[in-house]
Amino acid sequence: MNPEYSFFDAVCKSFDKAAAYTNFDAGILEQIKQCNSVLRLHFPVKIGDKVEVIKAYRVQHSHHKLPCKGGIRFSEMVNLDEVMALAALMTYKCAIVNVPFGGAKGGISIDPKKYSAYDLERITRRYTSELIKKKFIGPGEDVPAPDYGTGEREMSWILDTYMAMHPGEVEALGCVTGKPITQGGVRGRKEATGLGVFFGIREVCNNLDMMKKLGMPTGIAGKKIIVQGLGNVGYHSAKFFEEGGAIVVGLAEFEGSIYNEQGLDVEAVFQHRKTTGSILNFPGATNFLKSSDALEAPCDILIPAALENVINGDNADKIKAKIVGEAANGPLTPEADEILVNKGVLVVPDMYLNAGGVTVSYFEWLKNLSHVSYGRLEKRFMENQNANILSQIESMTGNTVNESQRKLLVHGPDEIDLVRSGLEDTMIKATNEILECWKNNPDIKDMRTASFVVAINKVGTSYMELGIFP
Ligand code: GLU
C-alpha cells in the first residue's frame with residue numbers, strides 16, 4: 001500500500017469526477033467539498049499511575065443542514081485525514097437518503113482493546129467534555145453515534161457526560177444516537193446498517209436492466225455472498241442476506257477466512273468464533289490463512305464490511321464477484337475502483353449503501369426530541385381498526401380467517417416495525433434515485449459517480465437556497 005495515500009483526497013477525486021455532471025458554480029462546489037470546521041485535540045488522561053496524552057478529532061464537514069451527524073471511532077489507525085474523509089462521506093450519505101443533517105465524524109486514536117472499561121470510560125468522558133467546551137456536540141449542533149470500535153456503551157457515557165453538564169436541557173437526549181434502548185435509544189438501530197446494506201443490494205438485484213448487464217438473474221435468492229468482517233455491520237448484513245435466501249459462502253476476519261460453496265450458517269460461525277476465539281476450523285469449511293484470500297474467492301456479491309483500503313491495486317484484479325457492496329466506508333482505493341469498474345463489476349458505493357445507520361439515527365433523534373416512542377399513540381387504535389375491518393369482511397363473506405392470519409392482519413405497528421419499514425422505504429427510494437440519475441447521464445461509468453451527482457445536487461441546492469452569509 002502506498003503510504004502517501006490520502007483517503008480525503010480519494011473522496012475529493014470522486015467528488016470532482018461527479019461535479020462535472022452538475023451545474024454549480026465552482027465556488028459552491030469548493031464550499032461543498034471542504035471541511036467546514038476541524039477540531040484536533042490532545043488531552044491528558046491518567047491511566048494507572050501514568051499520564052497518557054490522547055490524540056482525538058472531530059470534523060464537521062458541512063453546516064448546510066444542522067445538526068452535523070456522524071460516528072466516533074476508536075482505533076489506533078485514526079488520523080486527521082481519515083476523519084475528514086469520513087466526515088465528508090457523511091454529508092453525501094445524509095443527502096442521498098434525505099436525512100436533514102450535515103456530515104461530521106470523530107475519532108480517538110487508541111486501540112480500545114488495550115484499555116480497561118474503566119479507562120475507556122474516562123477517555124470517552126474527557127473527550128465528550130472537550131467537545132462540549134468547543135461546542136462540537138449538542139442536539140442542534142453536532143450529534144455523534146457509534147462507529148468502528150464504539151457502541152452503545154460509549155454512547156451512554158457520552159450522553160451522561162453531556163446531561164451532567166446541561167442540567168434541565170429538555171432536548172439533551174438527542175445529543176448522541178446509538179444509545180441503549182433504556183437511555184433513549186430506538187429499537188432497530190444496532191442492526192440498521194446491516195439491514196440497510198441488505199435492502200440496498202436487494203433493490204439493485206431487483207433491477208432488471210442492471211442484472212441483464214451483469215448477466216445474472218434478478219433477486220437475492222440463491223446468490224453467493226462473501227462478507228469480510230464480522231463486526232456489527234458485517235454480522236448483521238450476513239444474517240439478513242441469509243434470511244433473504246442468499247447463500248453466504250465465505251466469511252473473513254483478522255485471523256483468517258473460511259469458505260464453503262454449499263453455504264455457511266452465519267450464527268453458528270459467530271458462536272464458533274466466540275467459543276474458540278477464531279473463525280478458522282469451522283466444521284465443513286475450508287480455511288484460508290490470509291484473511292484477504294476470501295475476497296478473491298468465487299462469489300456473486302462481495303461485501304467488505306470492515307475498514308478502508310482492503311481492496312486496492314494489489315488485489316482488485318483478482319476479485320471474482322460481479323457486485324461489490326461497500327458496507328464499510330472506503331474499502332476500495334480509487335485505483336481498485338477503476339480496475340473493478342473497467343472489469344464490468346458493479347461497485348455499490350459506501351456513501352449510499354451503508355446509510356442505514358444514520359437513517360435510523362435520524363429516527364432515534366426524532367424520538368428523543370418528541371419524547372415519545374414510535375407506535376405508542378397509534379398501535380392500539382390501528383389494532384382496533386384492523387379488527388373491525390376484519391370482522392366486517394368475515395360477516396360479509398361468511399368466511400373466517402385462522403388464528404395466525406388474524407394475528408398478522410390485526411397487528412398494529414410497534415417501534416421496530418416502523419423503524420424497519422422507514423429504513424426499507426428510504427433505501428429503496430435512494431437506490432432508485434441513483435439508478436435514475438445514472439440512466440439520465442449515460443456517460444457516467446459507475447454507480448459511485450451517479451451517487452455523488454445525486455448528493456452534490458442536493459447539497460448544492462441547499463446552499464443556493466440558503467444564500468451565502470455576507
Ligand atoms: N457511523 C455510522 C456511519 O458511518 C453511523 C453514523 C450516525 O448514525 O450518525 O454512517
Side-chain angles (χ1 to χ4, degrees), residues 7 11 57-62 65-75 78 82-108 131 136-152 154-155 158-159 173-180 184-197 199-200 229 231-234 236-237 304-308 325-331 349-368 419 422-423 426-427 430 451 455:
F7 188 6
V11 174
Y57 311 88
R58 183 77 184 168
V59 172
Q60 298 175 344
H61 173 260
S62 180
K65 291 211 190 276
L66 288 171
C68 296
K69 190 82 189 79
I72 293 178
R73 61 172 56 181
F74 286 5
S75 152
V78 160
E82 179 192 60
V83 182
M84 284 167 67
L86 294 167
L89 286 176
M90 287 308 303
T91 295
Y92 308 130
K93 200 182 288 191
C94 290
I96 288 173
V97 290
N98 295 319
V99 164
F101 295 147
K105 201 75 164 203
I108 306 186
L131 296 183
F136 266 67
I137 184 172
E141 278 153 334
D142 189 344
V143 181
D147 199 87
Y148 189 81
T150 59
E152 289 184 348
E154 288 72 18
M155 301 308 116
I158 293 174
L159 174 70
L173 270 182
C175 76
V176 61
T177 60
K179 303 178 291 290
V186 73
R187 284 164 188 82
R189 173 64 185 84
K190 215 193 216 148
E191 65 274 28
T193 311
L195 184 56
V197 168
F199 285 145
N232 180 44
V233 179
H236 286 111
S237 305
L307 281 176
E308 47 261 27
E326 293 186 322
N329 287 307
D350 46 9
M351 59 203 283
Y352 133 75
L353 190 63
N354 68 28
V358 75
T359 301
V360 176
S361 274
Y362 171 47
F363 301 158
E364 178 176 335
W365 182 78
L366 291 173
K367 171 182 179 178
N368 296 150
V419 163
L423 174 60
T426 301
M427 291 308 293
S451 307

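For this chain, numbers begin at 1 and follow the sequence in order. Just follow the structure's listing: the first ligand is 1, and inside any ligand the first atom is 1.
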Glu326 and Lys93 ion-paired at < 4.0 Å: no

Residues Asn329 and Glu308: side-chain donor-acceptor under 3.5 angstrom: no

Atoms in ligand 1 with a heavy atom of Gly71 nearer than 4.0 Å: 1 (N), 6 (C)

Heavy-atom check, side chain of Lys69 versus side chain of Thr177, under 4.5 Å: yes

Pairwise side-chain contact, Lys65 with Phe101, heavy-atom cut-off 4.5 Å (strictly under): no

Nitrogen or oxygen of Pro146 less than 3.5 angstrom from that of ligand 1: yes

Option among Val83, Val78, Thr150 that satisfies the side-chain contact (heavy atoms from CB on, under 4.5 Å) test with Arg73: Val78

Option set Pro67, Pro144, Ala145, criterion heavy-atom distance to atom 7 (C) of ligand 1, minimum: Ala145

Closest protein heavy atom to atom 8 (O) of ligand 1, given as residue, atom name and distance to 0.1 Å: Ser361 OG, 2.6 Å

Glu364, Met351, Arg189, Arg73: member with heavy atom nearest to atom 5 (C) of ligand 1: Arg189

Contacting atoms of ligand 1, where contact means under 4.0 angstrom from a heavy atom of Asn329: 4 (O)

For Gly151 against Pro146, the heavy-atom pair lying closest together: CA-CB, 4.0 Å

Residue part near ligand 1, for Val143, under 4.0 Å between non-hydrogen atoms: neither

N or O pair under 3.5 Å between Lys93 and ligand 1: yes

Value rounded to 0.5 Å, distance of NZ in Lys179 from CG in Leu173: 6.0 Å

Nearest non-hydrogen protein atom, atom 9 (O) of ligand 1: Lys69 NZ, 2.8 Å

Ligand 1 atoms in contact with Gly70 (distance to a heavy atom under 4.0 Å): 9 (O)

Side-chain touch Arg58/Ile72, heavy atoms, less than 4.5 angstrom: yes

Trace of the side-chain contact (heavy atoms from CB on, under 4.5 Å) decision for Phe74 with Asp147: CA-CA 8 Å; Phe74 286 5; Asp147 199 87; over 6 Å; no

Atom indices of ligand 1, in the order listed, that fall short of 4.0 Å to a heavy atom of Gly357: 8 (O)

Heavy-atom nearest neighbour in the protein, as seen from atom 4 (O) of ligand 1, with distance rounded to 0.1 Å: Lys105 NZ, 2.9 Å

Subset of ligand 1 atoms that lie under 4.0 Å from at least one heavy atom of Met90: 3 (C), 4 (O), 6 (C), 10 (O)

Proximity of Met155 to ligand 1 by residue part, where a heavy atom lies under 4.0 Å: neither

